[in-house]
Amino acid sequence: MNWVQVKHAMTSKPGEEITLKGWVRTRRDSKAGLSFINLHDGTCQDPIQVVAPNDLPNYESEIQKLTTGCAIEVEGQLVESQGKGQSVEVKASAIRVVGWVEDPDTYPASAKRHTFEYLREVAHLRPRTNTFGAIARVRHALSMSVHRFFDEREFYYVHTPIITASDAEGAGQMFRVSTLDALNPPKKDDGSIDYDQDFFGKEAHLTVSGQLSVETYCSALSRVYTFGPTFRAENSNTSRHLAEFWMIEPEIAFADLADDAQLAEDMLKYVFKDLLTRRADDMAFFDKRIQPGLIENLSHIVESDFLRLPYTEAVDILQKSGKKFEYKVDWGTDLQSEHERFLTEEHFKRPVILTDYPKGIKAFYMRLNDDEKTVAAMDVLVPGIGEIIGGSQREERLDVLDKRIDEMGLPKDEYWWYRDLRRYGTVPHAGFGLGFERLVQFSTGMGNIRDVIPFPRAPKQAEF
RNA sequence: UCCCCGAUAGCUCAAUUGGUAGAGCGAGCGGCUGUUAACCGCUAGGUCGUAGGUUCGAGUCCUACUCGGGGAGCCA
């Protein structure tokens, strides 16, 4: 690694002799006897300008044939730029072509504007564009920031399993994991497939949530989180859903819903603030090209308090709003996207944490409130995306938990180890799930979730 | 899964009431310029998503399918 990254070259002092390696973004020739090459290596938003004089030995044979996407190595001196648009540039003393673009006419990621839909079809080349380079860097920054946030608060990062033999995570359709011959599976006497003969000796699936697993570690290490891939086999075709996505799930012991909501608010503010300073270049790009006002919105969120609002009061506000909704608002039914968006985008114009939902529309593990009608659940709603976090205080009382499992007709024996946590030193605890891609979406202003993950998996979409 | 919209050159889009395809960008060549989404000229490039149907004739109308987009549901 005896060359300089573009981001470091950009901020170095003129006069230094440096070597750069990267890919050509554009080339412009000048009859003054030189060519301008914009070079990027993915380390920052802006490419660096390389000036290639025509006395280089390969000027006509190679340099004038460079097109977008070619990989080159440049030796030269960092100098103050004579032109406008950049403060420094590299006056090349040698340019070596590392890799040509074999047919520039059909190069799929040429230096022009492409639609995001098209770039999704060339997902192996789209990170070379300024938008997807920026997304990759922001994803990294947010990931590190999440880990930093929890580490600073002495949370332990727990690696929960990807494959689960429990069919009881209860958060949606699961992908089956099996080594049985799909064309000729072993059968039982009643004709059903005999999973006793499968790899794990029972049915297995890809996880839809690390929550139940991470609760076990919470009941021992007090403050934990998991951050890993999750899978939902739902036939969801929206700009907010993926079949494979990454989820951040903290779990805190000796805590209630208010503690949980505070943690969620603190975390979001922390990562937004971190992002605005660490990736100022990329955020300026998103603010200018993707969503004007983005930086101001995020800065505002960092400064403002998130509103806490019980579901029952939200229903009241919606019913009295005078706003025409496609779906009627009724206590006891879940709020529709239009309702959530009205609250966070129009009525309060800031993030809203809705709490205490009717028990009938929420999961079995959420703690029953004293009114016995609602549970200690919360959704964090943000403008533009809607629900970004879902969480709850967990039911720590075994008798109440059992009653809820029965009420919902769930298989109690499947939860034996989960129920054990309530039998052996149970404590009030709470946690939430944050969809990482939704966080990236919100942070960048990107409209479609398939554009904020390197290789999106969705119904009928698993190329690459 | 449901509703609506779309699919034409490498990319982004045109094509009047059905009369057998055009532009811009990109690419190639040339010109011009310390250029920077450069600019100017010329050239090449298309069995109009797939399969049927209506018609003398279909990019255009009809049906099915595939894929893409927006919205809804499910949720993160």
Side-chain angles (χ1 to χ4, degrees), chain A residues 25-39 46-53 64-65 67-69 79-86 89 91 101 103-122 125 129-130 170-173 208-211 229-249 264 289 325-327 333-338 340-341 361-363 379-382 385-391 432-442 447-451 453 458-461 463:
Chain A
R25 175 76 43 78
T26 58
R27 188 199 88 237
R28 293 175 298 277
D29 300 326
S30 168
K31 277 296 177 269
L34 33 89
S35 289
F36 299 96
I37 298 163
N38 277 358
L39 186 74
D46 291 323
I48 193 166
Q49 176 159 279
V50 174
V51 182
Q64 286 203 300
K65 292 189 168 66
T67 56
T68 304
V79 296
E80 281 182 42
S81 180
Q82 295 174 37
K84 291 172 188 164
Q86 60 280 318
E89 64 190 20
K91 190 175 187 312
V101 166
D103 181 8
D105 192 35
T106 57
Y107 178 58
S110 58
K112 64 180 292 297
R113 288 210 171 171
H114 298 284
T115 59
F116 294 143
E117 294 79 32
Y118 167 72
L119 288 171
R120 226 170 278 153
E121 293 169 14
V122 287
L125 298 171
T129 66
N130 48 14
Q173 285 294 112
V208 293
S209 164
Q211 183 199 315
T230 46
F231 308 86
R232 304 271 168 96
E234 304 285 351
N235 192 10
S236 294
N237 293 287
T238 81
S239 54
R240 306 183 308 283
H241 291 85
L242 290 165
E244 175 183 289
F245 64 101
W246 288 66
M247 191 150 64
I248 297 148
E249 295 173 288
R289 303 291 279 275
F325 293 112
E326 194 181 335
Y327 293 89
T333 62
D334 211 356
L335 297 181
Q336 304 290 315
S337 290
E338 57 173 344
E340 295 180 342
R341 295 184 73 140
I361 57 172
K362 287 293 180 183
D379 281 355
V380 180
L381 313 177
V382 294
I385 307 288
E387 185 180 341
I388 195 170
I389 284 177
F432 63 79
L434 166 66
F436 184 61
E437 281 71 26
R438 288 194 182 168
L439 181 68
V440 180
Q441 241 191 311
F442 185 70
N448 195 312
I449 202 165
R450 296 172 195 203
D451 295 327
I453 188 167
K460 306 280 195 254
Q461 186 171 42
E463 190 67 53

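Just so we're on the same page: letters track the sequence lines, and every chain starts at 1.
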Considering only nitrogen or oxygen atoms on both sides, find all protein atoms under 3.5 Å from nucleotides 22-31 of chain B and state each distance.
from  : atom 1 : to       : atom 2 : distance (Å)
B:G26 : N2     : A:Asp105 : OD1    : 2.5

(Q) Side chain of A:Glu89, heavy atoms from C-beta onward: which of B:G34, B:A72, B:U33 has the nearest atom to it? (A) B:G34

Q: Please state how far atom CG in A:Asn38 lies from atom C1' in B:A37, giving the value in whole angstrom units.
A: 11 Å

Q) How does RNA chain B look in dot-bracket notation if pairs are Watson-Crick or G-U with both distances under 3.5 Å, crossing ones as [ ], other-strand ones as |? A) (((((((..((((.....[..)))).(((((.......))))).....(((((..]....))))))))))))....

(Q) Which nucleotide wins on minimum distance to the side chain of A:Gln82, given the candidates B:G34, B:A72, B:U35? (A) B:G34

Q: Round to the nearest Å and state the distance from A:Lys460 atom NZ to B:C65 atom P.
A: 12 Å

Q. Do the side-chain N and O atoms of A:Ser35 and A:Gln64 include a donor-acceptor pair separated by under 3.5 angstrom?
A. no

Q) How about A:Thr230 and A:Arg232: does a side-chain donor come under 3.5 Å of a side-chain acceptor? A) no

Q) How long is the line joining OH of A:Tyr327 and P of B:G71, in whole Å? A) 14 Å

Q.
Which residues pass the ring-ring contact (aromatic ring centres under 6.0 Å, His included) test with A:His241, not counting sequence neighbours?
A. none

**Q.** Selection from B:G34, B:A76, B:A38 that lies nearest to any side-chain heavy atom of A:Phe245
**A.** B:A76

Q. Roughly, in whole Å, what's the span from CD in A:Glu117 to C1' in B:G49?
A. 17 Å

